[in-house]
Amino acid sequence: MKYYSLNHSSKKASFKKAVINGIATDKGLYFPEEVIPLSKEFIQNISEYSNEEIAFKVIKQFVGDEIPQAHLKEIIRKAISFDFPVVKIDENVGSLELFHGPTMAFKDVGASFMSQCLSYFNQANKEEITVLVATSGDTGGAVANGFLKATGVNVVILYPSGKVSEIQEKQLTTLGHNITALEVDGVFDDCQDMVKSAFLDPEIHRKLTSANSINVARWLPQMFYFFFAYKQVYKDFKEVVFSVPSGNFGNICAGLMAQKIGLPIKHFIASTNVNDTVPRYLATGSYQPKPSKATISNAMDVGNPSNFIRILELFDNELSLLKKTFSSYSFTDIETKDIMKKIQSDLNYIADPHGATGYLGLQEYGLQNNEMGIFFETAHPVKFLDTVEDTLSIKLQIPPQIKKVLNEKKTSIKISNYKELKDFLNC
Ligand SMILES: *Cc1c(COP(=O)(O)O)cnc(C)c1O
């Protein structure tokens, strides 16, 4: 598979090159050149396949022969070694729980898949690769865990001091080995700016790459979720509708790619908090990014979603075409808290603020009788402990994998400006 840049002024890249570079030299996102739909027989009989077999069929054409099949199967096996249940919470509504992985957020799959690809491609190189990533919470933990002990790869995570939850901080500061946490005296935007400066700085002597959903090896494995969910419900319902809590729009963009390669999905809903750049775009036809506002669903506090350009590409930049299969709605924190309470009292289910936003999206869309609505529960409620406990007046049980990190000792290096980051990277 070849990938072209969405800025159209750099050369096409192999999968390997796209993974190692992260972003094209003209700063465009990589996009697969041509995709071949999966066979109808496969889709019709999907329940007869294991998750590992499905994932292999789905991702194979995107990797091509650049990773030997047996090794690709091994990468998949490790990346999806847990459950992806659709929990039915109402007559025709299900919660796809994507939080059964090691850090309890959906980013675990992409982070593990990408780290294993990067290790494979870099194994013959003497030079180590440094993955540099800024996090506002969940990305850091998933990337740290996914890349832990990966050969030939160092990970440097920048996070804003005092601005991530205790659990999130522990998840990225306690692993050691090839993972270093830099605790930045500032906010998330400062971390992000420093990372950008480092990528553009010719005086940095390390080979750097990024591990956010811009990278095709983190973005594309997210297609698996839609297939795994479809497999569990397609025999009982005629049509399937997905609602995806969206921030950078990587997850939902993977869903649209799943549809492109043949998964018969009726409709997609991108549910957002008050960071509503995409819902406003659909309503007005004018794309006007805004600085992000802080909300209780903080993993979606994104004012300029990086993957939206890929969604437009999938629909040949035709807004009317996109609107036929894709809607996007925005919700306030108050609406989110109210629905969390309602889901608890009426349906006996605990949703985190992100999943609850997804549920609101299904409500706003208005499901028909023959439709099954599935919202993504993108993180375990315990990751947003204070909000969930306060809103629902409950005490959550801390799962074992979280308890374990809470008992570990935090190690971080404090930095307060770009020069300190540069000195760290060059030493
Ligand atoms: C990252 C994240 C999202 C947003 O996903 P995108 O692919 O950036 O749209 C939603 N919920 C949680 C819990 C997340 O960590």
Side-chain angles (χ1 to χ4, degrees), residues 29 95-111 113-114 133-146 159 164-165 167-168 171-172 188 192 210-226 242-258 268-279 292 295-311 326 328-331 336 340 350-361 375-385 387-388 402:
L29 270 64
S95 164
L96 174 63
E97 295 184 345
L98 296 174
F99 56 68
H100 295 281
T103 74
M104 312 204 92
F106 80 90
K107 293 184 173 76
D108 281 330
V109 172
F113 189 89
M114 179 186 160
V133 67
T135 183
S136 59
D138 278 341
T139 300
V143 166
N145 192 79
Y159 75 98
V164 302
S165 76
I167 290 175
Q168 288 172 330
Q171 283 183 327
L172 55 99
F188 171 67
Q192 182 84 24
S210 113
N212 56 34
S213 56
I214 286 176
N215 197 299
V216 294
R218 253 202 69 191
W219 167 48
L220 293 168
Q222 298 175 141
M223 285 187 291
F224 302 159
Y225 310 142
F226 298 85
F242 283 105
S243 175
V244 182
S246 296
N248 262 324
F249 284 65
N251 213 356
I252 195 158
C253 183
L256 292 161
M257 183 59 91
F268 290 90
I269 301 152
S271 300
T272 75
N273 55 33
V274 291
N275 295 288
D276 62 350
T277 301
V278 172
S292 65
T295 73
I296 57 166
S297 45
N298 66 325
M300 312 197 291
D301 294 350
V302 180
N304 189 9
S306 49
N307 281 288
F308 194 64
I309 185 156
R310 282 186 170 135
I311 294 184
F326 179 91
S328 188
Y329 309 119
S330 136
F331 303 98
T336 304
M340 284 167 69
I350 309 292
D352 95 294
H354 303 79
T357 310
Y359 181 88
L360 280 170
F375 68 92
F376 279 21
E377 184 42 303
T378 44
H380 193 286
V382 79
K383 293 205 80 175
F384 305 93
L385 195 68
T387 305
V388 174
I402 302 289

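All ligand and atom numbering here is 1-based and tracks the order in the structure.
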>> To check you understand the geometry: which heavy-atom pair defines the closest contact between Ser292 and Gly303, and what is its length?
In response: CB-N, 3.7 Å

> In ligand 1, which numbered atoms sit nearer than 4.0 Å to a non-hydrogen atom of Ala379?
Replying inline: 13 (C)

> So, the side chain of Arg218 versus the backbone of Gly110: is there a donor-acceptor pair under 3.5 Å, distance only?
Replying inline: no

> Looking only at distance, does Ala299 have an N or O less than 3.5 Å from an N or O of ligand 1?
Replying inline: no

> Would you find a donor on one side and an acceptor on the other, under 3.5 Å apart, between the side chain of Arg310 and the backbone of Ile214?
Replying inline: yes

>> Show the atoms of ligand 1 that are less than 4.0 angstrom away from any heavy atom in Gly250.
In response: 6 (P), 7 (O), 9 (O)

> Is the backbone N or O of Asn307 less than 3.5 Å from a side-chain atom of Asn248, with the two atoms forming a donor-acceptor pair by type?
Replying inline: no

> For ligand 1, is Phe106 a contact, meaning one of its heavy atoms is under 4.0 Å away?
Replying inline: yes

> Any donor and acceptor pair, going by atom type alone, linking the side chain of Asn215 with main-chain N or O of Ala217 inside 3.5 Å?
Replying inline: yes

> How far apart are the closest heavy atoms of Met114 and Ser210, and which atoms are they?
Replying inline: CE-O, 3.2 Å

>> If the test is ring-ring contact (aromatic ring centres under 6.0 Å, His included), which one of Phe268, Phe226, Phe106 qualifies with Phe376?
In response: Phe226

>> Please list the nearest protein heavy atom to atom 14 (C) of ligand 1 with its residue and the distance rounded to 0.1 Å.
In response: Lys107 NZ, 2.8 Å

> Any idea which protein heavy atom is nearest atom 8 (O) of ligand 1, and the distance to it?
Replying inline: Asn248 N, 2.8 Å

>> Does only the side chain of Asn251 get under 4.0 Å from ligand 1, or the backbone, or both, or neither? Count heavy atoms.
In response: both

> For the side chain of Thr277 and the backbone of Asn304, is there at least one donor-acceptor N/O pair under 3.5 Å apart?
Replying inline: no

> Would you say Phe384 and ligand 1 have an N/O pair spaced under 3.5 Å apart?
Replying inline: no

> Who's the nearest protein heavy-atom neighbour of atom 11 (N) of ligand 1, and how far?
Replying inline: Thr378 OG1, 2.8 Å

> Looking only at protein heavy atoms, which one is nearest to atom 4 (C) of ligand 1, and how far off is it?
Replying inline: Gly247 N, 3.6 Å

> Looking at ligand 1, does Pro245 have a heavy atom less than 4.0 Å from it?
Replying inline: yes

> In terms of atom number and element, which parts of ligand 1 are under 4.0 angstrom from non-hydrogen atoms of Asp138?
Replying inline: 13 (C), 14 (C), 15 (O)

